[in-house]
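Working notes, structure below.
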2 protein chains.
Amino acid sequence: MSKQTGPLAPVGLSADAPCCPPLAEQRLPAGTAAVLAPAFKALGDPVRLQLMSMIASAEGGEVCVCDLTPAFDLTGPTISHHLRTLREAGLVDAERRGTWVYYRARPALLRQLAALLTVVPATARRECP
Amino acid sequence: MSKQTGPLAPVGLSADAPCCPPLAEQRLPAGTAAVLAPAFKALGDPVRLQLMSMIASAEGGEVCVCDLTPAFDLTGPTISHHLRTLREAGLVDAERRGTWVYYRARPALLRQLAALLTVVPATARRECP
DNA sequence: TGTCAACCTAGATGCATGTCTAAACAAACG
DNA sequence: CGTTTGTTTAGACATGCATCTAGGTTGACA
């Protein structure tokens with residue numbers, strides 16, 4: 001295969017569940033767990049968590065790889081590998097424009113993960129307006 | 001991160017940040033990433049994600065291990081290993097009462113992870129109090 | 001006290017992952 | 001057309017992890 005192995009894995013359920021399937025409210029089906037666990041796993045590395053943060057918080061919504069690489073004491077290929085992991089998890093998206101490649105976050109899946117983790121304990125219920 | 005790598009690592013920053021340090025708003029410091037990444041990694045396995053859901057959604061806030069084990073096609077030791085992983089990540093807490101061991105969720109860290117993932121798109125900015 | 005059940009620990013094994021170097025590919029520039 | 005720079009792929013190596021079987025610990029109960 002000359003091109004890509006897993007370009008933009010569409011995750012399968014990001015489209016129809018935009019906001020709130022909370023984890024603490026009912027037992028997670030095995031299928032959903034199998035789909036979402038890889039996303040958590042992708043965030044389970046300090047380097048990738050920082051990369052994700054740098055991409056998500058970037059001005060204009062995107063970052064050049066050339067700005068990401070020098071922020072770590074790692075080689076270019078290693079950063080590229082971590083970016084690919086984030087890409088295959090559906091957390092980011094890449095686009096080449098001329099010499100440089102730009103990464104941007106995919107908020108749909110991020111929102112889904114956040115909603116899943118949202119715990120609303122009965123003792124101290126707290127709502128965002 | 002100069003603490004211990006031990007069993008119930010108190011995560012070190014769960015107490016003072018109750019609500020909203022969003023990932024997409026500023027770059028995550030390396031230290032914070034190193035502390036939070038293990039929690040995401042712990043959730044990065046389908047079995048543990050389901051265990052976490054079963055614990056967090058349990059009636060009365062706790063579950064007996066004897067109710068968790070038969071829900072999977074895995075041996076007892078394997079379930080115990082996964083529960084230990086969740087425990088060492090600070091996501092759950094265990095207590096022995098008589099013959100059985102009960103697990104309950106620790107909402108502080110869960111809230112922190114959820115807040116971190118909260119994406120605040122510029123089009124619909126949303127602020128917590 | 002002895003025995004049984006629930007749960008955990010120890011050690012082994014095969015697969016996955018993080019990192020590197022070397023090399024390939026892509027785009028710009030002389 | 002060749003060279004230089006940015007980025008990804010390929011392959012290798014060491015470490016980590018999910019799972020198992022076997023054995024240990026704890027508590028209840030006759």
Side-chain angles (χ1 to χ4, degrees), chain A residues 1-9 30 33-34 37-52 54-55 62-89 91-104, chain B residues 5-9 30 33-34 37-52 54-55 62-89 91-104:
Chain A
M1 54 181 63
S2 54
K3 263 303 185 62
Q4 70 282 60
T5 52
L8 299 176
F40 283 117
K41 182 191 270 189
L43 294 175
D45 181 280
V47 172
R48 286 196 293 267
L49 199 51
Q50 279 186 274
L51 283 170
M52 191 68 226
M54 293 175 73
I55 295 169
E62 60 182 16
V63 204
C64 174
V65 175
C66 59
D67 288 331
L68 296 173
T69 304
F72 299 87
D73 267 348
L74 294 171
T75 63
T78 298
I79 296 296
S80 180
H81 159 73
H82 285 305
L83 288 173
R84 165 146 87 168
T85 301
L86 290 174
R87 221 187 319 146
E88 291 179 349
L91 289 165
V92 301
D93 210 347
E95 183 194 357
R96 171 162 226 141
R97 285 205 304 277
T99 306
W100 292 283
V101 175
Y102 296 87
Y103 277 78
R104 58 176 59 235
Chain B
T5 55
L8 297 177
F40 283 116
K41 182 190 273 189
L43 294 174
D45 182 280
V47 173
R48 286 196 294 267
L49 199 52
Q50 282 187 91
L51 284 170
M52 190 69 227
M54 293 176 73
I55 296 169
E62 61 183 16
V63 203
C64 174
V65 176
C66 59
D67 287 330
L68 297 173
T69 305
F72 300 88
D73 268 347
L74 294 171
T75 64
T78 299
I79 297 296
S80 181
H81 158 73
H82 284 306
L83 288 173
R84 167 146 86 169
T85 302
L86 290 174
R87 221 185 321 143
E88 291 179 348
L91 289 165
V92 300
D93 211 347
E95 183 194 356
R96 169 163 226 142
R97 283 204 306 277
T99 305
W100 294 282
V101 176
Y102 295 88
Y103 277 78
R104 59 175 59 236

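Just so it is clear: chains get the letters A, B, ... in the order the sequence lines come, proteins before strands, and each one is counted from 1.
- Distance, B/R84 CZ to D/dT19 P: 15 Å, rounded to whole Å.
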Would you sort out whether B/Y103 and B/M54 count as a side chain to side chain contact (heavy atoms under 4.5 Å, CB included), showing the intermediate values? CA-CA 10 Å; B/Y103 277 78; B/M54 293 176 73; over 6 Å; no

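- Contact annotation for B/G98: backbone-only contact, meaning every heavy-atom pair under 4.0 Å involves sugar-phosphate atoms and none involves a base.
- Nucleotide C/dC8 holds its C1' atom 16 Å from the CG atom of B/L86, rounded to whole Å.
- Residues B/C64 and B/W100 come closest through the heavy atom pair SG-CD1, 3.3 Å.
- Here C/dT19 presents its C1' atom at 15 Å from CZ of A/F72, a figure rounded to the nearest Å.
- Rounded to 10 degrees, the angle separating the terminal axes of the helix from C/dT1-D/dA30 to C/dG30-D/dC1 is 10°, with each axis obtained from five end pairs.
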Run the side-chain donor-acceptor check on residues 66-77 of chain A: report pairs under 3.5 Å with partners two or more places apart or on a different chain.
| residue | atom | partner | partner atom | Å |
| --- | --- | --- | --- | --- |
| A/T69 | OG1 | A/V65 | O | 3.2 |
| A/T75 | OG1 | A/T78 | OG1 | 3.1 |

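- Between A/E95 atom CD and C/dA26 atom P there is a gap of 17 Å when expressed in whole angstrom units.
- Using a 4.0 Å cut-off, no side-chain N or O of B/T99 falls inside it from OP1 or OP2 of D/dG27.
- Contact between the side-chain N/O atoms of B/T75 and the OP1/OP2 oxygens of D/dC20 is found at a separation under 4.0 Å.
- Between B/Y103 and C/dC7 there is no side-chain N or O to OP1 or OP2 distance below 4.0 Å.
- As a whole-Å value, the separation of A/R96 CZ from D/dT8 P is 7 Å.
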If the sugar-phosphate is the primed atoms plus P, OP1 and OP2 and the base is the rest, what is the B/S/- string for nucleotides 12-18 of chain D, using protein heavy atoms under 4.0 Å? -----SS

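- Spacing between atom CH2 of B/W100 and atom P of D/dG27 amounts to 14 Å, rounded to whole angstrom units.
- When side chains are defined from C-beta on, A/E88 counts as touching A/R84, because their heavy atoms get closer than 4.5 Å.
- Rounded to an integer number of Å, the gap from CD1 of A/I79 to P of D/dT9 is 15 Å.
- Taking each heavy atom of B/A39 and B/A89 in turn, the nearest pair found is CA-CB, 4.2 Å.
- Place B/V65 and A/R97 on DNA chain C by their nearest nucleotides, and B/V65 ends up nearer the 5' end.
- Proximity of B/V92 to B/L83: side-chain heavy atoms (C-beta onward) are nowhere separated by under 4.5 Å.
- Here the side chain of A/V101 is nearest to one of C/dT21, C/dT9, D/dT7, namely D/dT7.
- The two residues B/R87 and B/A94 make their nearest non-hydrogen contact at CD-CB, 4.0 Å.
- Among all heavy-atom pairs drawn from B/P46 and A/A33, the shortest one is O-CB, 3.8 Å.
- Contact detail for B/L51 and B/H82: the closest heavy-atom pair is CD1-CB, 3.7 Å.
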